[in-house]
Asks: 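Got a structure for you, questions after.
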Amino acid sequence: MRPAAERGAAGPQVATATSPAELRAVAERAVANLLEQVGAASGTVLNLIDGEWRPAASGATFETFSPVDRTVLAAVASSDAADVDVAARSSQRAFEKWRRLPANERKSLLMGLADLIERDAEEIALLEVIDAGQPLRFMRQAAKRGAENFRFFAERAASARDGLALPTDQQLNYTGRKPIGPVGVITPWNTPFMLATWKIAPALAAGCTVVHKPAEWAPLSAVKLARLALEAGLPAGVLNLVNGLGESAGKALTEHPAIKAIAFVGESVTGSRIMAQGAATLKRIHFELGGKNPVVVFDDADLQRALDATLFMIYSLNGERCTAGSRVLLQRGIYDEFTDGLAARAQRIKVGDPFDPYTEVGPLIHPEHLAKVTDYLERGQREGARLVTGGRADDLGGGYVRPTLFTGANRDMSIAKEEIFGPVLVAMPFEDEAEALAIANDVDYGLAAYLWTSDVARAHRFARELDAGMVWVNSQNVRHLPTPFGGMKASGIGRDGGDYSFDFYMETQNVAIALGEHAIPKLGA
């Protein structure tokens, strides 16, 4: 393998690029170089199947655009059931060898992949910016977290199969785990690279093989990950990449009999469709779906820290995050002061070119998503809420929404109940714990919740009653990889993180060994 500089990769140029225009130029070169590296002379994003870069069997493509200015970045292979079938069969063949590869060898390969991700972290970040519109300041961290994901699960590749000894007087029972088989991983467009590694790393560490279908609105970093996997030496078929639309490639993947499980991150409505599609083949499913997460602030909280965390959890990543704190519930005595602080700070958040390292909010991913968010802005006002600050920022180029704050809302309004997935915060007052809890739990979702109070007893009491898979007390979302990540209700099924990931990607087996000649019932004697 030639050094990155000789291959024309973006890496050496990144270090000298400082201005947004220079960084954009480096990102554009990174896209062109990536397509060249995978043999896409025609400028088409290809599939990786059985270790080879291939167009869709039908030759069909669709275009991927940059959210920054709507310029076409590349044509993308538009796969269908035929492509998925070839990829699934490839994964099935590769699984028989990959599952039997000594765990330490799997660990070494995945550690090598983590090294390559770290080497190309800046290039990966720039690909995310140009393809997903996320600000560079956040994507630099997301790329590094991708490497961290592979390291964390690679370290646990050997212990993933471990179980328990469960003896009785007459038998020794012991459990162990074995990989479930080829799995399908379907990832979203908001932080595509990091979320792909979050799903793929534990699957590979467990001994599964993967067919990855990335989101059609942001497919480039998935190509980068697949190329790095080849460079790291992963055998052909262990990680296959199939691009395409959800209704064609995604549906075929969820229905394919060789795929034993589906890990999906995305909308709750799509999750329900996937569940139905996988039912005929009894697929195991893991869903990380939507959220309408409450931030509950009591009047005894550290209000400055609560304010900082509230702003971060709704306006970072353009508000396009499942764990966003999109409704802030404020005890009535602090409501005016706190919402005034939110509005003042929101107006100072830097919105603009995501290649500018100082930008805090960039463009939304796609015109369809912009239309959805805009509809909620209009609907909130029609329902009687007050738009204090924010709204569309057409002066910046048409793809932007400024950090938005609604006050005067109540829990029956659509903006307070439905996931907007944009930089839109809804503030509602409450009188006491009982009312706060009723409002917090009065949505279909149950992913995350954020609680601010100095009362230790209240913190434990209130957290226990929240319908949320994850609760952070006096903190923003701080990820700790061994902990369970996932939601209740319409926010998902199953948990990621630590050993919880292996529970999904592996089957648990019990073996019972008789310790002597115990009594056996006799029939027909």
Side-chain angles (χ1 to χ4, degrees), residues 141 145 152 288 290-317 321-346 405 407 409-411 416-417 425-492 494-500:
Q141 296 303 313
R145 282 175 58 182
F152 177 87
E288 182 190 328
K292 191 66 176 177
N293 311 298
V295 182
V296 183
V297 185
F298 287 92
D299 58 12
D300 63 349
D302 183 329
L303 298 185
Q304 185 56 59
R305 289 178 59 79
L307 182 72
D308 292 340
T310 301
L311 289 160
F312 177 77
M313 284 311 304
I314 184 58
Y315 299 132
S316 60
L317 300 180
R321 60 190 304 169
C322 59
T323 55
S326 53
R327 351 172 238 150
V328 59
L329 282 51
L330 302 165
Q331 200 153 19
R332 192 169 296 278
I334 62 171
Y335 184 85
D336 291 339
E337 174 190 356
F338 203 94
T339 54
D340 287 347
L342 288 171
R345 286 275 296 278
L405 172 64
T407 61
N410 63 64
R411 59 169 138 166
K417 295 181 75 72
L425 178 62
V426 179
M428 292 176 283
F430 67 86
E431 295 291 345
D432 53 23
E433 279 188 45
E435 185 180 15
L437 185 66
I439 298 172
N441 287 342
D442 189 23
V443 292
D444 292 335
Y445 301 100
L447 183 58
Y450 307 90
L451 172 61
W452 290 86
T453 179
S454 62
D455 186 328
V456 175
R458 171 191 281 156
H460 288 285
R461 182 173 63 245
F462 198 89
R464 184 179 59 197
E465 296 299 325
L466 283 165
D467 292 338
M470 301 170 289
V471 180
W472 280 270
V473 179
N474 296 331
S475 174
Q476 79 282 23
N477 176 342
V478 177
R479 189 185 67 150
H480 182 45
L481 281 173
T483 60
F485 187 105
M488 303 176 181
K489 300 192 288 189
S491 286
R495 296 293 183 267
D496 281 314
D499 206 50
Y500 300 92

Asks: Locate the shortest heavy-atom distance separating A468 from M488; write the atom from each residue and the value.
Replies: O-CE, 3.4 Å
Asks: To the nearest 0.5 Å, tell me how far L481 CG sits from R145 CZ.
Replies: 8.0 Å
Asks: Does a side-chain heavy-atom distance below 4.5 Å link D455 with F298?
Replies: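 No; the side chains remain at least 4.5 Å from each other.
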Asks: What's the separation between atom CG in N410 and atom CE in M428, rounded to the nearest 0.5 Å?
Replies: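 Separation between the atoms: 8.0 Å.
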Asks: Please give me the minimum heavy-atom distance between L329 and I439, naming the atom from each residue.
Replies: CD2-CG2, 3.6 Å
Asks: Using the rule given for side-chain contact (heavy atoms from CB on, under 4.5 Å), can you reason through M313 versus N293, listing the C-alpha separation, both sets of side-chain angles and the distance that settles it, and then say yes or no?
Replies: CA-CA 10 Å; M313 284 311 304; N293 311 298; over 6 Å; no
Asks: Indicate the atoms forming the closest heavy-atom contact of P294 with A448, along with that distance.
Replies: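 Minimum heavy-atom separation between P294 and A448: CD-O, 3.4 Å.
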Asks: To the nearest 0.5 Å, what is the distance between CD on E465 and CG on L437?
Replies: 6.0 Å
Asks: With distance as the sole test, does T339 use its side chain to make a donor-acceptor pair with the main-chain N or O of D336 at under 3.5 Å?
Replies: yes
Asks: Answer whether the closest heavy-atom distance between the side chains of K417 and D442 falls below 4.5 Å.
Replies: yes
Asks: Within a radius of less than 6.0 Å around CZ of R305, do more than 12 heavy atoms belonging to other residues, nucleotides or ligands occur?
Replies: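 12 or below, so no.
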Asks: Could you grab the distance from atom CD of E288 to atom OG1 of T323, nearest 0.5 Å is fine?
Replies: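 So the CD of E288 and the OG1 of T323 are separated by 8.0 Å.
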Asks: Any side-chain heavy-atom pair from N477 and R321 closer than 4.5 angstrom?
Replies: yes
Asks: Which pair of heavy atoms, one from A463 and one from L451, lies closest together, and at what distance?
Replies: N-CD2, 4.2 Å
Asks: Quick check: does any side chain N or O of R345 sit under 3.5 Å from a backbone N or O of D340, one acting as donor and the other as acceptor?
Replies: no
Asks: Check whether any side-chain N or O of Y335 sits under 3.5 Å from a backbone N or O of A427 as a donor-acceptor pair, and report yes or no.
Replies: yes
Asks: Given side chains that start at C-beta, do those of D302 and N474 come closer than 4.5 Å, heavy atoms only?
Replies: no
Asks: How long is the straight-line distance from CD1 of I334 back to CG of L303, given to the nearest 0.5 Å?
Replies: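 Here the interatomic distance stands at 5.0 Å.
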Asks: If I compare all heavy atoms of R411 with all of A438, which pair ends up nearest, and what's the gap?
Replies: NH1-O, 3.6 Å
Asks: Please step through side-chain contact (heavy atoms from CB on, under 4.5 Å) for the pair F462 and T453, ending with a clear verdict.
Replies: CA-CA 10 Å; F462 198 89; T453 179; over 6 Å; no
Asks: Would Q331 and F430 satisfy side-chain contact (heavy atoms from CB on, under 4.5 Å), going step by step from the backbone distance to the final call?
Replies: CA-CA 5 Å; Q331 200 153 19; F430 67 86; 3.7 Å; yes
Asks: If we ignore hydrogens and angles and just use 3.5 Å, is the side chain of S491 paired with the main-chain N or O of G290 as donor and acceptor?
Replies: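 Here the side-chain-to-backbone pair exists.
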Asks: State, to 0.1 Å, how close I314 and A324 come at their nearest heavy-atom pair, and which atoms those are.
Replies: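 Closest approach of I314 to A324, heavy atoms only: CD1-CB, 4.1 Å.
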Asks: Hey, could you give me the NZ/CG distance between K489 and N441, rounded to the nearest 0.5 Å?
Replies: 5.5 Å
Asks: Taking the inter-plane angle between the rings of Y450 and W472 on a 0 to 90° scale, is it parallel (under 30°), tilted (30 to 60°) or perpendicular (over 60°)?
Replies: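 Taking W472 first and then Y450, their aromatic rings lie parallel (interplane angle under 30°).
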Asks: In plain terms, say whether K292 and D444 are close enough for a salt bridge, that is, a side-chain N and a carboxylate O under 4.0 Å apart.
Replies: no
Asks: Do the side chains of Y315 and L425 get nearer than 4.5 Å, heavy atoms only?
Replies: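 Counting from C-beta outward, L425 and Y315 do come under 4.5 Å.
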Asks: Does the side chain of F152 come within less than 4.5 Å of P482's, by heavy atoms?
Replies: yes
